[in-house]
Amino acid sequence: MKICVTGGAGFIGSAFVHRLLEPSSTLAAAGEKSEEDTSVVVLDDLTYAGNLENLERFKGHKRFEFVKGSINDPEAVSGALDGCDVVVNFAAESHVDRSLTDAGSFVKTNVDGTRVLLDEAVSRKLRFMQVSTDEVYGSLGEEGLFTEDSPLDPSSPYAASKAAADLLVGAYTKSYGLDAVITRCGNNYGPRQFPEKLIPLFITGALEDRELPLYGDGLNVRDWIHVDDHCEAILAVVREGKQGRVYNVSASSERSNLELCRQLLELVGKPWDLVRYVSDRPGHDRRYALAAGRLRSELGWQPKVALDDGLAQTVEWYRSNRGWWQRIKSGDYLEYYEKLYGERLRGAEGKDPGVG
Ligand code: NAD
Ligand code: TDX
């Protein structure tokens, strides 16, 4: 099988490539092996969030290929999909706060980019896996869980663009018989997450004794899952998910931001007084929580990483990989592309690294 992984230089996409070519120590300990019969082509435009360091160990790997290009570019998409059986679409603008000031790039990549991929998948009769999010359902009160049948009610431009993409995927299944499946997962954490998202922002900020911004009253609740468990779910859905189906992905690990941040500071060994309450995110969803019974009962998936263990491992990863996030915060990681790929990556130069 040949899989095209779009957005494979980002956080979850690169974890998925690791899963296919070289499972993490956590997964290896649980008996997961690399997929020897599977080759991978990554199509990634290397936006500020794409980082070739995430894929460094696969340079020269016989089952791995990297193509720099946008999912909005039909020629790049067509080239990358040559010989593929499956496309797994991770490519997206993924940060809610950025979508509040630049909705256009979210609609362009997340909606129209997905449409370009869908057109090509239809004409090549590929299996199409859309990596979506719980944010498409909007916000919950203190009780209840989202099921796959909950109405779509997105709050942010990011969530709206992901919901629109999900609707397109469904429409292509009905209109053209596309063999498509969708996963909707909660908040991921783990190694190589760009340090603009809550967990890596707090860990790296605490390691540097910076002020840590907690939005609103800090009581918003998220449903956390280790990225390796998410990747395992995606692989199960790619293999066995039923055409046209949506699968929620959750490890049922809800935590308020306040509780989570207290735990992170304890793990890093820094005091709570680094935390600053700041004004709330506009349209801030109060609570996400998913029922993932379909994935568990139909496909036999189960999460393997308990939140407390996963958070401790994640803090250790950021502690031991300071170079990775310090290069991002300083913007030096963009020079790394230049060194590796020179002229071919001229377009990635000078982009806003977004943090630091
Ligand atoms: P990320 O921001 O870390 O990575 C996104 C990747 O997509 C980057 O490598 C970037 O260069 C690439 N990209 C962006 N625009 C592109 C384009 N036009 N063409 C090709 N590549 C492009 O994101 P992530 O956190 O790894 O999320 C991956 C996917 O999973 C997204 O679709 C996101 O909506 C979804 N998701 C994320 C989470 C989470 O908690 N992070 C949870 C559920 C679903
Ligand atoms: O500095 C911060 N302070 C803070 O209090 C940041 C960055 C976030 N927060 C809060 C907002 C959220 O309640 O922490 C929570 C998590 O925030 P993010 O890490 O930005 O994630 P979220 O907005 O929940 O969205 C994430 O999960 C679903 C991903 O970014 C999405 O790509 C995914 O679809």
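Both counts, for ligands and for their atoms, begin at 1 and track the order of listing.
The shortest N or O to N or O distance between Asn257 and ligand 2 is below 3.5 Å. Of the polar atoms of Cys185, none of the N or O atoms is found under 3.5 Å from an N or O of ligand 1, judged by distance alone. Any N or O atom pair closer than 3.5 Å counts here, and Gly186 shares no such pair with ligand 2.
The shell of residues lying under 4.0 angstrom from ligand 1, judged by heavy atoms, includes Ser132. Ligand 1 lies less than 4.0 angstrom from a heavy atom belonging to Gly186. At a 4.0 Å cut-off, not a single heavy atom of Phe194 sits close enough to ligand 1 to count as contact. The shortest separation from a heavy atom of Tyr189 to ligand 1 is not under 4.0 Å, leaving the residue out of contact. Within the structure, the closest approach of Thr109 to ligand 1 falls below 4.0 Å when heavy atoms are considered. By the 4.0 Å heavy-atom criterion, Gly69 is counted among the residues contacting ligand 1.
For ligand 2, the atoms lying closer than 4.0 Å to a non-hydrogen atom of Leu201 are 1 (O). Near Gly50, the atoms of ligand 1 lying under 4.0 angstrom from a non-hydrogen atom of the residue are 8 (C), 9 (O), 10 (C), 11 (O). Of all atoms in ligand 2, numbered sequentially from 1 with element shown, those under 4.0 Å from a heavy atom of Thr133 are 28 (C), 33 (C), 34 (O). For ligand 1 and Ala49, the ligand atoms under 4.0 Å from any heavy atom of the residue are 2 (O), 8 (C). Below 4.0 Å from some heavy atom of Asn187 lie the following atoms of ligand 1, by number and element: 40 (O). Near Asn72, with a cut-off below 4.0 Å to any heavy atom, the atoms of ligand 1 are 18 (N). Short contacts between ligand 2 and Lys197, defined as distances under 4.0 Å to a heavy atom of the residue, involve ligand atoms 19 (O), 30 (O). Taking a cut-off of under 4.0 Å to the non-hydrogen atoms of Leu214, the atoms of ligand 2 that pass are 5 (O). Of all the atoms in ligand 2, the ones that sit under 4.0 Å from a non-hydrogen atom of Val96 are 23 (O). Near Ala91, the atoms of ligand 1 lying under 4.0 angstrom from a non-hydrogen atom of the residue are 7 (O), 20 (C), 21 (N), 22 (C). Taking every heavy atom of His95 and a limit of under 4.0 angstrom, the matching atoms of ligand 2 come to 20 (O). Near Gly7, meaning under 4.0 Å from one of its heavy atoms, ligand 1 places the atoms 6 (C), 7 (O), 9 (O), 12 (C). Listed by atom number, the atoms of ligand 1 under 4.0 Å from Ser94 heavy atoms are 1 (P), 2 (O), 23 (O). The atoms of ligand 1 that sit less than 4.0 Å from any heavy atom of Leu46 are 11 (O).
Under 4.0 angstrom from ligand 2, there are no non-hydrogen atoms of Lys162. Residue Lys162 touches ligand 1 through its side chain alone, judged by heavy-atom distances below 4.0 Å. With a 4.0 Å cut-off on non-hydrogen atoms, Ile199 does not touch ligand 2 at all. With a 4.0 Å heavy-atom cut-off, ligand 2 is reached by the side chain of Glu135 but not by its N, CA, C or O. The proximity of Phe16 to ligand 1, defined as any non-hydrogen pair under 4.0 Å, does not occur for either the backbone or the side chain. Of the heavy atoms in Leu198, both backbone and side-chain atoms come closer than 4.0 Å to ligand 2.
Using a 4.0 Å cut-off between charged nitrogen and carboxylate oxygen, Asp217 and Arg286 count as a salt-bridge pair. In this structure, Arg262 does not pair ionically with Glu266, as no charged nitrogen and carboxylate oxygen lie closer than 4.0 Å. Looking at Glu196 and Arg98, a side-chain N of the basic residue comes within less than 4.0 Å of a carboxylate O on the acidic one, giving a salt bridge. A salt bridge does not link Arg19 with Asp228: none of the charged nitrogens is closer than 4.0 Å to a carboxylate oxygen. A salt bridge links Asp45 with Lys68; the closest basic N to acidic carboxylate O contact falls under 4.0 Å.
The ring of His95 has its center no closer than 6.0 angstrom to the ring center of Tyr158.
Atom CD of Gln263 and atom CG of Asp308 lie 4.5 Å apart (nearest 0.5 Å).
Scanning the protein heavy atoms around atom 8 (C) of ligand 2, the nearest turns out to be Tyr215 CE1, 3.5 Å. Among all protein heavy atoms, the one lying closest to atom 5 (C) of ligand 1 is Ala92 O, 3.5 Å. Distance from atom 23 (O) of ligand 2 to its nearest protein heavy atom, with residue and atom name: Arg281 NH1, 2.6 Å. Looking at atom 40 (O) of ligand 1, its nearest protein heavy atom turns out to be Asn188 N, 2.9 Å. Of all protein heavy atoms, the one lying nearest to atom 3 (N) of ligand 2 is Pro213 O, 2.8 Å. Scanning the protein for heavy atoms near atom 11 (O) of ligand 1, the closest one is Asp44 OD1, 2.6 Å. Taking atom 29 (C) of ligand 1 as the reference point, the nearest protein heavy-atom neighbour is Phe90 O, 3.3 Å. The shortest contact between atom 41 (N) of ligand 1 and any protein heavy atom is with Ile12 CD1, 3.7 Å. Scanning all protein heavy atoms for the shortest distance to atom 4 (O) of ligand 1 gives Gly10 CA, 3.5 Å. The closest protein non-hydrogen atom to atom 7 (C) of ligand 2 is Glu196 O, 3.3 Å. Protein heavy atom in closest approach to atom 34 (O) of ligand 2: Tyr158 OH, 2.5 Å. Of all protein heavy atoms, the one lying nearest to atom 12 (C) of ligand 2 is His284 NE2, 3.4 Å. In terms of protein heavy atoms, atom 21 (O) of ligand 2 is closest to Asn187 ND2, 3.4 Å. Nearest protein heavy-atom neighbour of atom 32 (O) of ligand 2: Ser94 O, 2.8 Å. The single protein non-hydrogen atom nearest to atom 10 (C) of ligand 1 is Thr47 OG1, 3.2 Å, given as residue, atom name and distance.
Considering only heavy atoms from C-beta on, Asp179 stays 4.5 Å or farther from Leu126 through its side chain. You'll find the side chain of Phe202 stays beyond 4.5 Å of the side chain of Val268, heavy atoms only.
Nearest-heavy-atom check against atom 20 (C) of ligand 1 across Thr183, Asp45, Val5 picks out Asp45. Distances from atom 30 (O) of ligand 1 to the heavy atoms of Val77, Val227, Val131, Ile71 show the closest one on Val131. Nearest residue to atom 34 (O) of ligand 1 from Tyr158, Trp224, Tyr288, Phe106 is Tyr158 (criterion: closest heavy atom).
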TODO: May I have the step-by-step check of side-chain hydrogen bond (donor to acceptor under 3.5 Å, both in side chains) for Arg287 and Ser256, ending in yes or no?
DONE: CA-CA 9 Å; Arg287 174 171 166 257; Ser256 74; over 6 Å; no
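Heavy atoms only, all atoms of each residue included: Arg184 and Tyr137 are closest at NH1-OH, 3.0 Å.
Applying the salt bridge (charged side-chain N to carboxylate O under 4.0 Å, His left out) rule to Glu211 yields the partners Arg276; only residues at least two apart in sequence or on another chain are considered.
Remark: Arg115 fails to qualify as a cation-pi partner of Tyr172 under the 6.0 Å distance and 45° angle criteria applied to the six-membered ring.
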